[in-house]
Amino acid sequence: MSSENQETETQQESGEEKQDTQEKESNPVKAEEAKLKAKYPNLGQKPGGSDFLMKRLQKGQKYFDSGDYNMAKAKMKNKQLPTAGPDKNLVTGDHIPTPQDLPQRKSSLVTSKLAG
Amino acid sequence: MAGVGGGNDFQWCFSQVKGAIDEDVAEADIISTVEFNYSGDLLATGDKGGRVVIFQREQEGNNRSHSRGEYNVYSTFQSHEPEFDYLKSLEIEEKINKIRWLPQQNAAHFLLSTNDKTIKLWKISERDKRAEGYNLKDENGRLRDPFRITSLRVPVLKPMDLMVEASPRRIFANAHTYHINSISVNSDHETYLSADDLRINLWHLEITDRSFNIVDIKPANMEELTEVITAAECHPNQCNVFVYSSSKGTIRLCDMRASALCDRHSKFFEEPEDPSSRSFFSEIISSISDVKFSHSGRYMMTRDYLSVKVWDLNMESRPVETYQVHEYLRSKLCSLYENDCIFDKFECCWNGSDNAIMTGSYNNFFRMFDRNTRRDITLEASRESSKPRAILKPRKVCTGGKRKKDEISVDSLDFNKKILHTAWHPKENIIAVAATNNLYIFQDKIN
């Protein structure tokens with residue numbers, strides 16, 4: 001019961017200060033925007049624009065050169081190759097993928113735990 | 001505060017929870033879609049591991065007025081497997097993006113399940129009889145020597161333990177270059193649509209080698225790409241009408257009678273934006289993650305990052321109702337952008353009579369709004385409130401300085417506990433809520 005009274009009190013308060021809160025409404029978002037720009041000054045001019053959409057469309061894209069891979073597999077016995085960078089999924093350019101780098105693809109043949 | 005969705009005198013109670021309890025959640029176990037069938041007797045879930053689990057409601061044999069049938073496992077099968085498109089060097093996830101049931105026409109049940117690239121029609125049928133006394137084969141199935149058979153007999157049907165079989169009846173593949181986000185069965189029960197980021201296709205349920213492209217928003221020059229399709233749905237009773245939503249917060253309603261290619265919409269729904277509130281985040285948080293028609297077909301509901309909006313199909317200029325889901329996140333957008341949470345795609349759903357709507361939030365909270373009384377409630381899907389028929393206590397997030405008892409502050413919210421998928425029984429007050437790898441079922445309790 002007491003919690004209900006407290007709720008109506010807050011409602012009355014916000015009614016009086018409604019104009020104030022409306023003015024402040026955009027401020028938290030603007031403040032967040034300023035924070036983001038401060039951290040990443042090079043963030044694109046087009047927010048949610050082409051770059052972000054292109055990334056969405058390219059989900060799942062893996063880059064793999066079978067020639068490089070087989071060469072690396074052959075050479076592996078002889079000398080040590082540059083190890084994988086922090087992002088194992090982004091295998092492209094002059095990094096030669098080794099068998100360990102390739103992400104394992106296996107289907108889940110185990111029954112779902114929801115059915116357990 | 002009393003519950004929402006059917007009057008002032010009922011409250012939501014815990015009914016069941018499915019799934020593992022352990023803290024270590026395997027990625028494959030994350031539930032990615034939840035859907036009741038048309039009668040509500042079957043509840044299907046899909047997960048990231050490409051598996052479908054179907055629960056069936058127990059028949060209410062005992063006449064206990066306050067108890068309801070429980071949902072138990074009916075069938076489970078591997079719907080999709082991970083694939084690799086060697087030509088495009090593209091990894092195709094087995095995650096089930098959507099499940100949609102077909103209306104029941106005979107004893108078997110049919111559903112459509114889709115991952116990013118392929119839609120499958122599954123038939124789920126029961127077998128409770130077996131024929132015995134074949135002439136050409138013996139009890140073990142081995143063929144008998146035909147020359148040894150001296151008499152004929154008629155095989156007899158004998159009862160057997162119920163077996164539920166799921167078999168793929170149709171595979172609709174190779175029609176989507178981009179990732180499928182929606183499927184929707186048409187009210188004609190013959191066709192369905194599938195939508196990816198840039199295109200929408202119309203299929204006939206019987207035909208797998210052809211589909212009609214009905215929407216194509218791919219620009220001639222990909223550099224000019226400004227928006228993608230985020231969701232699409234067929235109208236519940238007008239088989240020529242469908243809608244699709246975009247990443248820019250707009251909804252287009254299309255009429256298939258108008259032209260073969262529905263690139264030009266019949267109606268365009270967009271809420272005018274207040275230019276003074278425009279920010280870096282505006283477009284991202286306006287992106288619509290789900291669109292659902294009301295059962296009546298008069299309204300549609302859209303979910304964007306912070307709110308749920310109800311639109312009257314007769315009014316394109318602005319929604320008729322807007323409900324704030326978690327407005328307190330507005331002051332956290334920077335960190336939500338950094339941890340990618342701002343891109344989370346929440347779904348929304350109507351109750352059977354269209355007077356209440358539900359959607360998920362973070363910290364395993366989910367929200368319900370009563371359209372008539374304008375009351376809203378926040379509930380939590382948690383193992384702690386999981387005693388049978390335990391009434392769920394409303395939750396409150398405190399935004400200001402003073403945190404009252406039982407409130408939780410915004411900074412304490414667990415953003416890894418997202419409720420993206422919820423479903424409401426088509427006729428009763430029973431809801432299914434997917435909390436990562438657990439499925440919660442809640443029911444109302446009439447006082």
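By convention in this document, chain letters (A, B, ...) are assigned in the order of the sequence lines, proteins followed by strands, and residues within each chain are numbered from 1. Atoms considered below: every heavy atom in the structure, side chains included; atoms not considered: hydrogens, waters and symmetry mates.
- Of the two parts of S247(B), only the side chain, counted from C-beta on, holds a non-hydrogen atom closer than 4.5 Å to a non-hydrogen atom of chain A.
- Interface remark: F77(B) contributes no atoms to any contact with chain A (heavy atom separation under 4.5 Å).
- Aromatic ring orientation, F84(B) versus Y86(B): tilted (interplanar angle from 30° to 60°).
- Contacts between L198(B) and chain A at a heavy-atom distance below 4.5 Å involve the side chain alone, from C-beta outward.
- For the salt bridge (charged side-chain N to carboxylate O under 4.0 Å, His left out) test, no residue two or more places apart in sequence or in another chain qualifies with D85(B).
- Under the 3.5 Å distance criterion, with hydrogens and angles disregarded, no donor-acceptor pair is assigned to the side chains of N115(B) and K117(B).
- The shortest distance between side-chain heavy atoms of T45(B) and K18(B) does not fall below 4.5 Å.
- For L336(B), no part sits under 4.5 Å from any heavy atom of chain A, backbone or side chain.
- Ranked by non-hydrogen atom pairs under 4.5 Å with chain A, the options K88(B), K405(B), E227(B), E338(B) are led by E338(B).
- Heavy atoms closer than 4.5 Å to chain B are found in the side chain of K39(A), but not in its backbone.
- If you tally non-hydrogen atom pairs under 4.5 Å between each of T177(B), V52(B), L333(B), T76(B) and chain A, the highest count goes to L333(B).
- For the residue pair S113(B) and S79(B), a side-chain donor N or O sits within less than 3.5 Å of a side-chain acceptor on the partner.
- For chain A, no part of Y74(B) is nearby; none of its heavy atoms comes within less than 4.5 Å.
- Less than 6.0 angstrom separates the ring centroid of F280(B) from the ring centroid of Y337(B).
- For D116(B), the part lying near chain A is the side chain, with the backbone staying farther off; criterion is any non-hydrogen pair under 4.5 Å.
- Every residue meeting the salt bridge (charged side-chain N to carboxylate O under 4.0 Å, His left out) condition with K393(B), not counting sequence neighbours, appears here in chain and number order: D406(B).
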